[in-house]
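First listed ligand is number 1; within each ligand, the first listed atom is number 1.
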Amino acid sequence: MTQSLLRGRLLTFHRAPEGPGDDTAYTYLEDGGLLIGDGLIRAMGPFAELRARAGDAPVTDHRPHLMMAGFIDTHIHFPQVQVIASWGAQLLDWLNTYTFPEEMRFASETHGAVMARAFFDQILAHGTTTAVAFCSVHRASAEAYFAEATRRNMRMLGGKVLMDRNAPEGLRDTPQGGYDDSTALIAAWHGRGRNGYVISPRFAITSSPEQMEMTGALARENPSCHIQTHLSENRDEIAYTAQLYPRARDYLDVYEGYGLLGPRTLLGHAIHLEEREIAALAESGAHPVFCPTSNLFLGSGLFDEGGLRARGIVSGIATDVGGGTSYSMLRTLDEGYKVLQLRGQALHPLRAFDWITRGNACVLGLEDRIGTLDPGSEADIVVLDARATPAMALRMERARTLAEELFVLQVMGDDRAIAEVYVAGVPTLSERPRERAAAG
Ligand code: GUN
Ligand code: ZN
């Protein structure tokens, strides 16, 4: 086995830090080493110890930068790379005016393939090594997504959206067609390489009861697949859902009634929840996903992370591009901090960085594989530079602690703070020499 050794400041989390002084929740090494072999982290520890163990393995020295597990984005839309920054609308108008017309373009296999390359370039440039994506309704869009993920050997999850009504011609499947395409995609991609298939009913508004029924069958027949959808993002969406499903007790009950609720279920947004829905979320172990840049951009509302956590509910955090406005999990944390401030909840940077790494891995049930630098984990690693811009460097002159440095990254950082990204032990930013050179 060929091995390599990375050297740098190193941070990995063991559990969610409970407050500023909770220093047994993580390991921080000022001069740390990671021994990489066959795409996995073989050992983590003080560099000097690993150097002695590693024979003549080549060393890449990232000091003074900070090495951490690659970021995980638990909710993003692959066909919306050209929807970001669409002006003036809230959810339902935004979908009809901008998003649905754009997603129609993914009927073309060529367009899907070109956009897949662009999408993966973007997420990697922003330090994200795993994402959970909605593809378009077209089977070809999911084929393009998984083909690109496989080519890059990335751990990626996703699925074609199921949507058979309240969308334009060309963007609707049928209950049987959606079931057949999803089944074929699962057979082709789920568990192949590092890919995982996600059964993806878009939301209650765009799926008929017949489609929801077939989606329940997909979930029963494929229990190792995740399920993703949207929940209670916007007041008009909730009112329309109640009209379309008059017998449901509330929005969540639509999904619950078709057997779609469990620990592998990811529910984007989940902002305006009723008490019964919160109790059902806690009972089922399903995961709400906080999408702060999107929730602010679309004027959707303020997610209550602390309130849900107090009920034992474990939330993910995500970009939701293209309702979201950045691929960066650092920008996402920045906006998330502000949203939670408005709720009287101050997100501590140690908790924040745990959330976008180990925390999101736990939400996906993948914490044994990704999200930490523990030996045995897949070697998906991000290298962070907290002095990436002059303004950050100036602020860092006054930073004394690790938490302060993390907060500078969280509040001021973006793709410029990503010095390197490893996917299964292989550096990837060197694949983009032109962009790097242009950035100076
Ligand atoms: N609800 C249903 N589809 C979407 C989507 O594409 N983006 C967002 N933000 N919410 C949705
Ligand atoms: Zn979404």
Validation row: [X], [Y] side chains within 4.5 angstrom (heavy atoms):
| X | Y | value |
| --- | --- | --- |
| Arg165 | Leu244 | yes |
| Leu157 | Leu364 | yes |
| Tyr337 | Pro292 | no |
| Ile76 | Tyr327 | yes |
| Pro209 | Tyr245 | yes |

Would a line drawn from the ring center of His75 to the ring center of Phe134 be shorter than 6.0 Å?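 Between Phe134 and His75, which both carry aromatic rings, the centre distance is below 6.0 Å.
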Measuring centre to centre across the rings, with the benzene-like ring taken for any Trp, is Phe353 within less than 6.0 Å of Tyr26?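 Centroid separation for Phe353 and Tyr26: 6.0 Å or greater.
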N, O or S atom of Cys291 closer to the Zn ion (ligand 2) than 2.8 Å: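 No, since none of the N, O or S atoms of Cys291 sits under 2.8 Å from the Zn ion (ligand 2).
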Which bit of [X] is near ligand 1, meaning a heavy atom under 4.0 Å away: side chain, backbone, both or neither?
| X | value |
| --- | --- |
| His77 | side chain |
| Leu91 | side chain |
| Ile205 | neither |

Heavy atoms of other groups near Gln341 CD, more than 12 under 6.0 Å: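 For Gln341, atom CD is crowded (more than 12 foreign heavy atoms under 6.0 Å).
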Would you please say whether a donor-acceptor pair under 3.5 Å links the side chains of Asp73 and Thr319? yes
In ligand 1, which numbered atoms sit nearer than 4.0 Å to a non-hydrogen atom of Phe203?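 This gives 1 (N), 2 (C) as the contact atoms.
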Those atoms of ligand 1 less than 4.0 Å from some heavy atom in Asp320: 8 (C), 9 (N)
Protein heavy-atom partner closest to [atom] - residue, atom, separation in Å:
| atom | answer |
| --- | --- |
| atom 10 (N) of ligand 1 | Glu233 OE1, 2.7 Å |
| atom 6 (O) of ligand 1 | Arg202 NH2, 2.7 Å |
| atom 1 (N) of ligand 1 | His230 CG, 3.4 Å |

The atom name of the N, O or S atom in Asp320 nearest to the Zn ion (ligand 2) is OD1
Rounded to 10 degrees, what angle sits at the Zn ion (ligand 2) between His75 NE2 and His230 NE2?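 The two atoms form an angle at the metal of about 100°.
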Nitrogen or oxygen atoms of Gln80 and ligand 1 under 3.5 Å apart: yes
Heavy-atom gap His269 to ligand 1 smaller than 4.0 Å: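 It does, in that a heavy atom of His269 comes within the 4.0 Å cut-off of ligand 1.
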I'd like to know if Trp94 contacts ligand 1, where contact means a heavy-atom distance under 4.0 Å to any ligand atom.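 In this structure, Trp94 qualifies as a contact of ligand 1 - some heavy atom is under 4.0 Å.
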